[in-house]
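Both backbone and side-chain heavy atoms feed into the values below; hydrogens, waters and symmetry mates do not. So that the names make sense, note that chain A is the first sequence line, chain B the second, and so on, each numbered from 1.
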Amino acid sequence: MKIDVKEKIKSSIEEFLKEYKKNVQFDILPTEKEEFGDFYSNIALRLSDKDNPPNLIAEKIKEKISPLLSGIIKKIEIKNGFINFFIDENIYKEHLLKILKNGKGYLEENIGNGKKVLIEFVSANPTGPLTIAHGRQAAYGEALSRILKFAGYNVTKEYYINDAGRQMELLGESLKARYYQLKGMNYDIPEDGYHGEYLIDIAKEIKEIRDDKKFFIEFAKSKILEGIKNDLEKFGVYFDNWVSESWFIEKGNVENILNFLKEKNLLYEKDGSLWFKSSLFGDDKDRVVVKKDGFYTYLATDIAYHKYKIERGYEILINIVGPDHHGYIPRLKSAVSSLGFNIENFIVLIVQLTTIYRGKEKISMSTRKGQFITLRQLIDEIGADASKFFFIFRKIDSHLDFDIEIAKKQSSENPVYYLQYAYVRMKHLIEYGKEKGYDLEKIKPSLDLLEKNEELDLIKKLWRFNDVIKSVVNTYGVHLLCEYLLDISKIFHSYYQKYRIVGEKQELTYARLALIKSLLTVFELSLFLLNISLPERM
RNA sequence: GCGCCUGUAGCUCAACUGGAUAGAGCAUCUGCCUUCUAAGCAGAGGGUUGCGCGUUCGAGUCGCGCCAGGCGCACCA
């Protein structure tokens, strides 16, 4: 674990506050501009008033804390009321050496403290192939899981299969219609059924039929699920568990949970249906759990599922859903809350939609009408890595415009290649160095020789890695890690172009290779976390 | 009508908890391969952060009101 400079600055300022008996909230934040140093604090601005201008207070603080920070901070400057801290370069360089020596293990950050986290994502109905919307959720969920795991959480990835209820009936009827159509019979697909052509392909595979409803449902479901699993595998997204809605019904979990709620007096009958008092927990109105026809609603089975999550001891539940589910969230939160789970640890992340364009043509999507670009088509057209990166390097609240034509045409200018190219160059440099007899294991590099701007920038970037991971964990903003890597890549490519790494001066070469090796460690790790593959050459 | 998300350069998007002169990429224009990979680099232009009030030392960020786009408002999932 690296030295927590931010914490040291903070506690030194708190010393000052104690002495002057002041109490005020303040921040220590990383700066965005080099001239402002590495961290800045707004403490003086917070303390200032008419009689005490911020710069004056800042001077007092500086005087008090300077001795407390010697060896860590080499310079403190005051500007516009801000106090700017410049970290001693030795701190950075020691960090680099540790990475060099211990590899990615040194970068590990134990934020999660082994807490059990369940991440449920994709969870698409087995009524059709995965779409691009699922692709974005899958790419994001996988990356987030990997990062949380790295940050010390005990993460389980789960896919919930909605294989019960009316949608499955419609699926079965739709397949049945396609089957008889293939036999030359005049048989209509239900109007609100599934009209996609994929059911024709599935119908063709039917060898022998047993003419009952269940057969068609089961056949369609198993074929579609198989397809979903294949697509996810091709995309590089893996689940630890697959659980199914019908399983909860068969095992009696749903009945049990309803009894449980009944005992707590949270259910009542009205208009021939059974209602859950979700309005007691913040929902707009109560919701039906057992319909007039005697079947469970989706909510009923979902409560049973969430009970199952809690029973297995998960302390944090993360659900990644599409925006079409947002109206559903309050009732689910009500349900989880009624089960006695701390609602603050139930995190629902909404991944906004991706709008697909082919050039200027906007492709509107509907699973039922059968008009959509599947995830599989996307992977086949532009590749898994490029697709995944496109999906995760924007924050999930943004509506994503994804022009397939551009992604294809400009594939060589896709940012993912920029990263991968940086990685390949780094890797090659290390190999080339080895060929020339440079063995980093044997020597302690003299990092003081690294004095070019690019070198110092890169060293600082290495030091920021843990801050980025913390930010991702705090905000669920996976894209921050992408931005970070793009930042490094930019400096690195520039550096590479400007200076020779493996050159004539031996000591300098060792120092530079040490920097490259550490960068490589961060890249390997980060690209793994983002679930982007590491090419050998490009 | 109500709820959620979004509105930032020509286009696609960043900006961590409210911080200093709002940043990248693409596209456009000008240069750079006899060298560790040119899928690269250097340079240039491009902004009233949708509009209006407010909160405060300070607002792209917070509050209120408009405008525009997306999604959702089921005894579907």
Handout entry: Dot-bracket summary - RNA chain B, pairs being Watson-Crick or G-U whose distances fall under 3.5 Å, with | when paired to another strand
Key = (((((((..((((.....[...)))).(((((.......))))).....(((((..]....))))))))))))....
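Comparing B:U48 with B:C33, their C1' atoms sit 44 Å apart, to the nearest whole Å. Nucleotides B:G58 and B:A22 have their C1' atoms positioned 15 Å apart, rounded to a whole Å. Rounded to a whole angstrom, the distance from the P atom of B:G19 to that of B:C62 is 10 Å. Nucleotides B:G18 and B:A38 place their P atoms 44 Å apart, quoted to the nearest Å. Here the separation of B:A77 from B:C71, taken at their P atoms, is 22 Å to the nearest Å. Remark: the separation of the P atoms in B:U21 and B:C11 is 27 Å, to the nearest Å. Distance check on atom C1': B:G25 versus B:G65 gives 36 Å, rounded to whole Å. Taking atom P on both nucleotides, B:U61 is separated from B:C51 by 11 Å, rounded to a whole Å.
Remark: C1' of B:G3 and NZ of A:K285 are 13 Å apart, rounded to the nearest angstrom. Rounded to whole Å, atom C1' of B:C41 lies 14 Å from atom CD1 of A:I491. Atom CZ of A:R46 and atom P of B:G19 are 10 Å apart (whole Å). Look at OH on A:Y496: it is 16 Å from P on B:C33, rounded to the nearest Å. The distance from atom NE2 of A:H493 to atom C1' of B:A42 is 15 Å, rounded to the nearest whole Å. At whole-Å resolution of the value, CG in A:D49 and C1' in B:C57 are 11 Å apart. The nearest whole Å value for the distance from the CD1 atom in A:I43 to the P atom in B:A20 is 18 Å. Rounded to whole angstrom, the span from the CG atom of A:D284 across to the P atom of B:C2 amounts to 13 Å.
Looking at residues two or more places apart in sequence or on another chain, you find a ring-ring contact (aromatic ring centres under 6.0 Å, His included) between A:F393 and A:F389. In this view, A:L353 and A:A133, A:P323 satisfy the side chain to side chain contact (heavy atoms under 4.5 Å, CB included) rule, not counting sequence neighbours.
Residue A:K33 is in sugar-phosphate contact alone, with no base atom involved, counting any heavy-atom pair closer than 4.0 Å across all strands shown. Using a 4.0 Å heavy-atom cutoff across all strands shown, A:Y40 reaches at least one base atom of the nucleic acid. Within the 4.0 angstrom heavy-atom criterion, base atoms lie near A:D271. Residue A:K490 is in sugar-phosphate contact alone, with no base atom involved, counting any heavy-atom pair closer than 4.0 Å across all strands shown. Counting any heavy atom pair closer than 4.0 Å across all strands shown, A:F36 reaches a base atom. Residue contacts for A:E35: at a heavy-atom cut-off of 4.0 Å it reaches a base atom on one of the strands shown. Counting any heavy atom pair closer than 4.0 Å across all strands shown, A:V472 reaches no nucleic acid atom. Across all strands shown, A:N162 has heavy atoms under 4.0 Å from sugar-phosphate atoms exclusively, and none from any base. A:P30 comes within 4.0 angstrom of a nucleotide base, judged by non-hydrogen atoms across all strands. Looking at heavy-atom distances under 4.0 Å, A:Y499 makes contact with a base. Within 4.0 Å of A:K333, counting heavy atoms only, lies no atom of the nucleic acid at all. In this structure, A:D283 reaches neither bases nor backbone, as no heavy-atom distance under 4.0 Å exists between it and the strands shown. Among the heavy atoms of the strands lying under 4.0 Å from A:L353 are primed sugar atoms or P, OP1, OP2 only; no base atom is included.
Which of B:A15, B:A38, B:C75 sits closest to the side chain of A:K292 comes down to B:C75. Closest to the side chain of A:L429, from the set B:C36, B:G72, B:G40, is B:C36.
Of the side-chain N and O atoms in A:R166, none sit less than 4.0 angstrom from OP1 or OP2 of B:C75. The phosphate of B:A77 has neither OP1 nor OP2 within less than 4.0 Å of any side-chain N or O from A:Y298.
Taking the six-membered ring where the residue is Trp, the centroids of A:F239 and A:Y159 are separated by under 6.0 Å. Between A:F36 and A:F82, the ring centre distance reaches or exceeds 6.0 Å. Taking the six-membered ring for Trp and the full ring otherwise, the centers of A:F248 and A:Y308 sit less than 6.0 Å from each other.
In this structure, the side chain of A:Q420 engages the main chain of A:S533 through a donor-acceptor pair within 3.5 Å.
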List the atom pairs, donor and acceptor, that lie under 3.5 Å between side-chain atoms in residues 509-520 of chain A and the rest of the protein, sequence neighbours left out.
from	atom 1	to	atom 2	distance (Å)
A:T509	OG1	A:G503	N	3.1
A:T509	OG1	A:K505	O	2.8
A:Y510	OH	A:D439	N	3.3
A:R512	NE	A:E455	OE2	2.7
A:R512	NE	A:Y495	OH	3.3
A:R512	NH1	A:R500	O	2.8
A:R512	NH2	A:E455	OE2	3.4
A:S518	OG	A:A514	O	2.9

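Ionic pairing of A:K62 and A:E77 is not present here: no N-O contact between side-chain nitrogen and carboxylate oxygen is shorter than 4.0 angstrom. Comment: A:R287 engages A:D283 in a salt bridge, judged by a side-chain N to carboxylate O separation of less than 4.0 angstrom.
Residue pairs that meet the side-chain hydrogen bond (donor to acceptor under 3.5 Å, both in side chains) test with at least one member in residues 24-35 of chain A, sequence neighbours left out, are A:D27-A:N42.
Note: A:F346 and A:H306 have perpendicular aromatic rings, judged against thresholds of 30 and 60 degrees for the angle between ring planes. Note: A:F465 and A:Y484 have tilted aromatic rings, judged against thresholds of 30 and 60 degrees for the angle between ring planes.
In B:C64 the O4'-C1'-N dihedral to the base is more than 90° from 0, which defines an anti nucleotide.
Across the interface with RNA chain B, nearest-nucleotide mapping of A:S494 and A:R500 shows A:R500 to be the residue nearer the 5′ end. A residue-by-residue look at A:P323 and A:I350 shows that A:I350 has its nearest nucleotide of RNA chain B further toward the 5' end.
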Distances for protein N or O near nucleotides 12-14 of chain B N or O, under 3.5 Å:
from	atom 1	to	atom 2	distance (Å)
B:U12	O2	A:R394	NH2	3.3
B:C13	OP1	A:H399	O	2.8
B:C13	OP1	A:D401	N	2.8
B:C13	O2'	A:R394	NE	3.1
B:C13	O2'	A:R394	NH1	2.1
B:A14	OP1	A:K395	N	3.2
B:A14	OP1	A:S398	OG	2.2
B:A14	O2'	A:E483	OE1	3.3
B:A14	O2'	A:E483	OE2	3.3

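Judged purely by distance below 3.5 Å, without hydrogens or angles, the side chains of A:T521 and A:E524 never pair a donor atom with an acceptor atom.
At a cut-off of 3.5 angstrom, counting only N and O atoms as typed in the model, there is a donor on one side and an acceptor on the other between the side-chain of A:H326 and the base of B:G3. Under 3.5 Å, the side chain of A:N42 and the base of B:G19 form at least one donor-acceptor pair of N or O atoms.
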